[in-house]
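Taking it in order: structure first as structure tokens, then the write-up.
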There are 2 protein chains.
Amino acid sequence: MSKLLIVGTVAFDAIETPFGKTDKILGGAGTYIALAAEKFGIDSAIVSVVGNDFPDKYFNILKDRNVNLEGLEIVKDGKTFFWSGRYHNDMNTRDTLDTQLNVLADFQPKVPESYKNAEVVMLGNLHPLIQLSVIEQIENPKLIALDTMNFWMDNTLEDLKTVIEKVDVITINDEEARQLSGEYSLVKAARKIQEIGPKYVVIKKGEHGALLFHENEMFFAPALPLEEVFDPTGAGDTFAGGFSGYLAKTGDYSFKNMKNAIIYGSNLASFCVEKFGTERMLDLTDEEIEKRLKVFKSLTQFKIDLTQ
Amino acid sequence: MSKLLIVGTVAFDAIETPFGKTDKILGGAGTYIALAAEKFGIDSAIVSVVGNDFPDKYFNILKDRNVNLEGLEIVKDGKTFFWSGRYHNDMNTRDTLDTQLNVLADFQPKVPESYKNAEVVMLGNLHPLIQLSVIEQIENPKLIALDTMNFWMDNTLEDLKTVIEKVDVITINDEEARQLSGEYSLVKAARKIQEIGPKYVVIKKGEHGALLFHENEMFFAPALPLEEVFDPTGAGDTFAGGFSGYLAKTGDYSFKNMKNAIIYGSNLASFCVEKFGTERMLDLTDEEIEKRLKVFKSLTQFKIDLTQ
């Protein structure tokens, strides 16, 4: 079993969907990644920053699940990062109503001593220079995974390329893969992105699943078709947490095992959307995860005998 | 092995893509279905209509592949159905430049005597009353599959519902499934559509793959991510031909075998797009089909041991 270092926002979200609305609830990429990864019973730490308005009950959610919080800085005279969004009727597209960086604006990540030897690093979606500074504090990582988005491609492309060169896995969506590579075909896009650095390219397609590329090989994991999508917030980060948590647990970074990691990511993400915010991830049991894994198996596995 | 009866247009297409342009070439839903289905070495017949401008070389393409043409009516003083379209740079969306129904306008399908006992019927996308009239000429079908599109939902909804009640499988895309059912969730959409009649609902998502629903079960087959999509024309009908051809070959209409049929449909469709029109389907070999089946296996199959 390997240690997992997580970097990502710990935040307040205020979410509106056609089904309902919340005030400030626990959110943030780092939070979702951690809550998913801890399902694998690994040692993980989160490097992030909050303000003095971050309540004990939220710290306890992470502490109770054994997430090391030495790297979670509390800024005494600052306010926690806040995001507010509204989902459209299709529960897919959303508008950002408000983003208040608050303490995130001056965030300088400090990896705790005990995690400088982390084997697996999951760099949640943040400014590439923040992601880079974390890489520079890790002694001998076995696998570095990076999530990013088009915002950083639009505004900090050179910094982004600098950090992408140094990672093993990149996770982005299909539009971002096309933007970053200049290619329309996802096969060609992944190949171009591999040339920049990452041996593994994960292209997330939301409700259309996720593609994994490595050298000339490909793997596809569907997103589970659902009756109800209650709140999609955090699904992508839950995917990242399931993916990196599984890899940290197994310590196997081969393509074969990476496929399983993608399946676990998709599996956990399918639960996240069942309730508001992080709620479903808090009471999700191993039994439920396994039961749904069987659904993923029957969703994708087939038996055709080949003559050759 | 079962006999397959195919109903669908036999046509001229004029296609424009960013890569090139054709004048009138062989096309039509019925043509693509037949060319895919014949890969399974089954007995198939096509019921359709052409004008006196349909050249011998095109008849021979079908004859050489053992497609029974007794039901392919030739209207002596008429012109063959013509469609012209232009694909956008994304090779996904297209504009219809011209549609000339010609002899299709008065088409009254006549199933040949020798095929009134066909076990499998593949009703390509046509006016629902034409599809219905074919069903009424078949004595004892084991499996009737129907393809349709939003045009018929917009213009002939009651007729469409009448024919849908009588089929076993419906194939439509995700937008059409939502329109027909009034549901956004594809799981709920499929359930509602099953209530109208078909035990099996296939929801085609183009480059995002295809979903198969039956009772409370689901199966998903990806579309193969490709380096080049040269011409998408006929991909959906090739899918239908692979699907129905495989089912006719195996005579097994269980959910388990239907999954394999979906995989074969997706497999053959991935070849169709490699060249203009029907070109790739004409020289496609069994070896190539099997080789690509291995790609589909490695694209989707994974091994996670479950403790329960």
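Each chain gets a letter, A, B and so on, in the order the sequences are listed, and its residues count up from 1. These numbers were taken from a predicted model, which means no experiment stands behind them.
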Note to self: Under 4.5 Å from any heavy atom of chain B, what part of A:Leu211 do you find: side chain, backbone, both or neither?
What the structure shows: side chain
Next item on the list: Have a look at A:Glu227 and tell me which of B:Arg191, B:Lys188, B:Lys192 forms a salt bridge (charged side-chain N to carboxylate O under 4.0 Å, His left out) with it.
Entry: B:Arg191
Next item on the list: Evaluate whether atom CG of A:Asp90 has more than 12 neighbouring non-hydrogen atoms of other residues, nucleotides or ligands under 6.0 angstrom away.
Entry: yes
Notebook entry, point to check: A:Asn257 versus chain B, heavy atoms under 4.5 Å apart: side chain, backbone, both or neither?
Noted result: neither
Check: More than 12 heavy atoms of other residues, nucleotides or ligands under 6.0 Å from CG of A:Asn216: is that the case?
Finding: no
Note to self: Using 30° and 60° as the class boundaries, would you call the ring planes of A:Phe219 and B:Phe302 parallel, tilted or perpendicular?
What the structure shows: perpendicular
Item checked: Region of A:Leu299 in contact with chain B, defined by heavy-atom distances below 4.5 Å -> both
Check: Which one, A:Asn89, A:Val229, A:Leu226, leads in non-hydrogen pairs under 4.5 Å with chain B?
Finding: A:Leu226
Item checked: chain B interface, residue from A:Ile262, A:Val295, A:Leu186, A:Ile263 that has the most non-hydrogen pairs under 4.5 Å -> A:Ile263
Note to self: Let's test your reading of the structure: which of A:Lys297, A:Gln301, A:Met218 forms the most heavy-atom pairs below 4.5 Å with chain B?
What the structure shows: A:Gln301
Check: Within the side chain of B:Ser185, is there an N or O that forms a donor-acceptor pair under 3.5 Å with the backbone of A:Glu228?
Finding: no
Next item on the list: Go through the atoms of B:Phe220 and report whether side chain, backbone, both or neither lie under 4.5 Å from a heavy atom of chain A.
Entry: both
Margin query: Between B:Ile304 and A:Tyr264, is the side chain to side chain contact (heavy atoms under 4.5 Å, CB included) condition met? List the steps.
Written below: CA-CA 10 Å; B:Ile304 296 177; A:Tyr264 268 109; 3.7 Å; yes
Note to self: Atom NZ of residue position A:Lys205 - does it have more than 12 heavy atoms of other residues, nucleotides or ligands inside 6.0 Å?
What the structure shows: yes
Notebook entry, point to check: When you look at CZ of B:Arg86, are more than 12 heavy atoms from neighbouring residues, nucleotides or ligands closer to it than 6.0 Å?
Noted result: no
Item checked: Part of A:Glu207 lying under 4.5 Å from any heavy atom of chain B -> both
Margin query: Test: ring pair (Phe, Tyr, Trp, His ring centres under 6.0 Å). Region: residues 187-211 of chain A. Which pairs qualify, not counting sequence neighbours?
Written below: A:Tyr200-A:His214, A:His208-B:His208
Check: Measuring heavy-atom distances to chain B, does A:Lys256 have an atom under 4.5 Å in its side chain, in its backbone, in both, or in neither?
Finding: neither
Next item on the list: Pick one of side chain, backbone, both or neither for B:Leu224, based on which atoms fall under 4.5 Å of a heavy atom in chain A.
Entry: side chain
Check: What residue in A:Met91, A:Arg178, A:Glu183, A:Lys303 has the most heavy-atom pairs under 4.5 Å with chain B?
Finding: A:Lys303
Item checked: A:Leu212 portion near chain B, given a 4.5 angstrom heavy-atom threshold -> neither
Notebook entry, point to check: Got more than 12 heavy atoms from elsewhere within 6.0 Å of CG, B:Asp95?
Noted result: yes
Checklist line | Flag if over 12 foreign heavy atoms under 6.0 Å of CG, A:Asn66 | finding: no
